Amino acid sequence: MKILTQSIIATAVLAISANISYAGEWSFDAFGKTKTLYGYSDYKQPSAHNQSHHHFPSRISGSLIAQYQFNEDYQIGAYVDLSYGIDQQIKDYNHGSWGEEVYGIFDSPYGKIILGQSYNAAYQLGISAPSIELLGVNQSDIVNFIANPNWQRNHRVTGYRTLNSTDINTDGTAPKITYISPEFNNGMMFGFSYVPDSYSRDGLINRRASYKNKDGYIASIYHSADILGVTISSSLGAAYFADNDQEVSAGLNFYRKGWTFGGGLRRTWLNHHDAEINQPIRKSINYFDGYRDAWAYNLGLSYEFGPFKSALTYFHSKADGHDYTDKIIQFSNSYQYNRNLTFYLAAAHGDFEGTTKADSNKGFAYIAGIGIKF
């Protein structure tokens, strides 16, 4: 994949360079951010998943950018995004404890081509419930405070009995080729992704699954329009992961004068050509790929006024034919003190149902934190 990526980028550079009669310009940038939270967890039922009442999750991330501008219409760039987490209940990183995304982007009036470790087209163009960077409505970080037995990724095992997002994220940031069209006059965009190998440590696939190294195809459409002073944004996505599952997603948002209301929906299913849902591999996480025959939705309302943002969101996911269910309510707030410093405050409730009471977890989390950009 790395050789293919380099070859396509090199070919694109040569093709464009041949048509440019004057020298372009290089630009470089580097930046990063940290987010440190403190949360107190109040558990509402006895559970083997209960942890300490006090949690201090932190995350640091940074990006390196090199771009070459041929002219005002054509640009090529190389990007490296790195991240590291501390006290993270679910290690959704490419390498287990830390993460990387290395990719290239070729921009032109005809759209952009993205090559390398990145999210697929449906993820990038997807619409979902409005949220705040603090926890996120999809792949919610509430699990750092109230552990979810249905979502596990650590040094021992990977298992997703239920979907953790209304965005199509089964392949995570597995290396892929993505095309995103330019935005047309009617506010529409579309995109496609091809994934030669769908397995990634920040996706949903278990490394022991028979279909882990199969390919995937993802497509998406995005549309935005202003009607009577209201901005309406919508998206549709579809995916086929070989021997794994088929997926569809949809989202709709309404925005007016700082207020945003909307949500997202995702459905996955198997057909007779796909591998069967896996049976238990360890007592700690049975039915580890129930996300393949499941559904999820979210709803949210947010308000933004100057440096202040607030969002109330609800996330629900369930596996078909089983008790595995996730219900998450979050009230999140942020205040951007200046360009480098942001304060966070949130209250959240998680209700995660397994097959038994001991295999379930429920509770509230009260969270405060700070974000720093550098």
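Here the structure is a predicted model, which means the values were calculated and not measured.
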Using the six-membered ring wherever Trp is involved, compare the ring planes of Y38 and H54 and label them parallel, tilted or perpendicular (cut-offs 30° and 60°).
parallel
When the aromatic ring centroids of F343 and Y335 are compared, is their separation below 6.0 Å?
no
For A121, all residues meeting side-chain contact (heavy atoms from CB on, under 4.5 Å), sequence neighbours excluded
T178, I180, S193
Enclosure of K309 NZ (heavy-atom neighbours >12, cutoff 6.0 Å)
no
What residues, two or more places apart in sequence or in another chain, satisfy ring-ring contact (aromatic ring centres under 6.0 Å, His included) together with F28?
W26
In short, salt bridge (charged side-chain N to carboxylate O under 4.0 Å, His left out) pairs touching residues 114-135 with sequence neighbours left out are K33-E133
So, R59 side chain and S83 main chain: donor-acceptor pair closer than 3.5 Å or not?
no
For residues 225-232, please give each side-chain donor-acceptor pair under 3.5 Å, one per line with the distance, not counting sequence neighbours.
unit_1	atom_1	unit_2	atom_2	d
D226	OD1	T231	OG1	2.6

Qualifying residues under ring-ring contact (aromatic ring centres under 6.0 Å, His included), relative to F364, sequence neighbours excluded:
H349
In sequence, state the C-alpha distance, the side-chain angles, and the governing distance for R267 and D245, and then conclude on salt bridge (charged side-chain N to carboxylate O under 4.0 Å, His left out).
CA-CA 10 Å; R267 176 67 179 166; D245 68 5; over 6 Å; no
Taking side-chain contact (heavy atoms from CB on, under 4.5 Å) as the definition, give me every residue that meets it alongside A275, ordered by chain and number, with sequence neighbours left out.
S210, Y211, R292
Using a side-chain heavy atom cutoff under 4.5 Å and only I, L, V, M, F, W and Y, what cluster partners does L299 have?
none
Please identify each residue that fulfils ring-ring contact (aromatic ring centres under 6.0 Å, His included) with H95, with sequence neighbours left out.
W98
With a 3.5 Å cut-off and no angle check, do the side chains of D326 and S317 form a donor-acceptor pair?
yes
Let me know which of D92, D202, D167 forms a side-chain contact (heavy atoms from CB on, under 4.5 Å) with Q139.
D92
Could you check whether the rings of F261 and F254 sit parallel, tilted or perpendicular, using 30° and 60° as the cut-offs?
parallel
Of all residues at least two apart in sequence or in a different chain, which pass the side-chain contact (heavy atoms from CB on, under 4.5 Å) check with E353?
D323, T325, S360
Count the heavy atoms belonging to other residues, nucleotides or ligands that lie under 6.0 Å from CZ of F56, then report whether that count exceeds 12.
yes
Return the set of residues passing ring-ring contact (aromatic ring centres under 6.0 Å, His included) with Y366 (not counting sequence neighbours), or none when no residue passes.
none
L345: partners by side-chain contact (heavy atoms from CB on, under 4.5 Å), with sequence neighbours left out
A368
Scan for side chain to side chain donor-acceptor pair (under 3.5 Å) pairs involving residues 293-305, sequence neighbours excluded, and state none if there are none.
S128-N298, N138-N298, T166-N298
Any ion pair linking R208 and D289 (charged N to carboxylate O, less than 4.0 Å)?
no
For the residue pair Q246 / D274, report whether a side-chain donor-acceptor contact shorter than 3.5 Å exists.
yes
